Protein chains: 2
Amino acid sequence: MARKQKRRSRCPIAFSLDCFGDRWSLLVIRDMVFKGKCYFGEFLTAGEDIATNVLADRLERLEDAGIITRRRDPEKGTKIVYGLTDRGIDLVPLLLELIAWSGRHDPGTAAPRKFLRELESNRDELARRTIRNLRERQAAEPQR
Amino acid sequence: MARKQKRRSRCPIAFSLDCFGDRWSLLVIRDMVFKGKCYFGEFLTAGEDIATNVLADRLERLEDAGIITRRRDPEKGTKIVYGLTDRGIDLVPLLLELIAWSGRHDPGTAAPRKFLRELESNRDELARRTIRNLRERQAAEPQR
DNA sequence: CCGGATCCGTTTCGATACTG
DNA sequence: CAGTATCGAAACGGATCCGG
């Protein structure tokens, strides 16, 4: 199915919300980054409950945006494996800021204390380590 | 009108998308942070085009979330002035990460080169300066 | 005029059921 | 397991109206 393209007007200090201006995309990315999830079924159970059709749509959208990859698992023939592209991995600092803000201001959302403490005291190092781990996990195939 | 409350389940590495999981909220906040906008009418024209009812809803939502304030302009009696709370100002680093990522990966969104360069080379200082400016502008009344 | 509120057609979302 | 199909509910967006 063809994807609907919404054109946004330009703006001096600009950013793209095409991939983040919804309730689910960042949660899916977070599951990949911080929980190592990579299967459709894992996203269904790991995060909050997202409907299957919505998940399918977000995955397709993220793939179109060049943030994730989608391919067949070479081992188990039936499974589909989703992975992060470089562009997706580069979202780590953004995710960390989001976690940090939520940790500071949203009493409901509780990332582990230890994580939050390291985040506040040594953000850049935490980002580098997270990214390094991700790259190791996905080192297999060439990303665009 | 009562606000609809969606309860999200908890998650190990968590963040709240209640205020950001939509197309407009972050744009409004950006207009306040980087363009000094504070009037209803300014948000209508300054950003991309948002419908008046949607804008009203987002402003109310952001106020409920403690991110912005809403009060009468003491000078011009009729006008309403919107301002950022501390919690709102604390979103600056997140906004900067979003701008940085978009600058790196989204060819369409073009923040000024100079801004992007400083962002990449000296992010923390840029954040501090931005926040300081904001506080000066809003120093008038006590925030929460 | 400014800051919305209301109405209404259209689009998108989301829960469930179903399929290869 | 990895998604479609369906369909009602909600959100959006445009236009218009309204109180101060």
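Everything numeric in this text was worked out from a predicted model, so none of it was measured. A note on names: the letters A, B, ... follow the listed sequences, proteins ahead of strands, and every chain is numbered from 1.
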Could you tell me the separation between the [atom1] atom of [X] and the [atom2] atom of [N], rounded to a whole number of Å?
X	N	atom1	atom2	value
Arg71(B)	dG3(C)	CZ	P	14 Å
Arg72(A)	dG20(C)	CZ	C1'	11 Å
Lys79(B)	dC1(C)	NZ	P	12 Å
Leu55(A)	dA2(D)	CG	P	10 Å
Asp18(B)	dA11(D)	CG	P	13 Å
Asn53(A)	dA17(C)	CG	C1'	11 Å
Leu44(B)	dG14(D)	CG	C1'	13 Å
Asp22(A)	dC12(D)	CG	P	12 Å

Verify the contact: side-chain N or O of [X] to OP1 or OP2 of [N], cut-off strictly under 4.0 Å; return yes or no.
X	N	value
Tyr39(B)	dC1(C)	no
Arg58(B)	dA11(D)	no
Trp24(B)	dG13(D)	yes
Arg23(A)	dA10(D)	no

From dG3(C), dA5(C), dG14(D), pick the nucleotide closest to the side chain of Ala51(B)?
dG14(D)

Which of these nucleotides, dG3(C), dC12(D), dG3(D), is closest to any side-chain atom of Val54(B)?
dC12(D)

How long is the span from the CG atom in Asp18(B) to the CG atom in Asp64(B), to the nearest 0.5 Å?
11.5 Å

Can you sort out the partners of Asp90(B) under salt bridge (Lys or Arg N to Asp or Glu O under 4.0 Å), two or more places apart, ordered by chain and number?
Arg104(A)

Donor-acceptor pair under 3.5 Å: do we get one between Thr52(A)'s side chain and the base of dA2(D)?
no

I'd like to know if Glu97(B) pairs up with Arg123(A) as an ion pair, taking the criterion as any Lys NZ or Arg NE/NH1/NH2 lying under 4.0 Å from an Asp or Glu carboxylate oxygen.
yes

Looking at Glu136(B), is its backbone amide N or carbonyl O close enough to the side chain of Asn133(B) to form a donor-acceptor pair, meaning the two atoms are under 3.5 Å apart?
no

Contacts table for residues 110-117 of chain A: side-chain donor-acceptor under 3.5 angstrom, sequence neighbours left out:
none

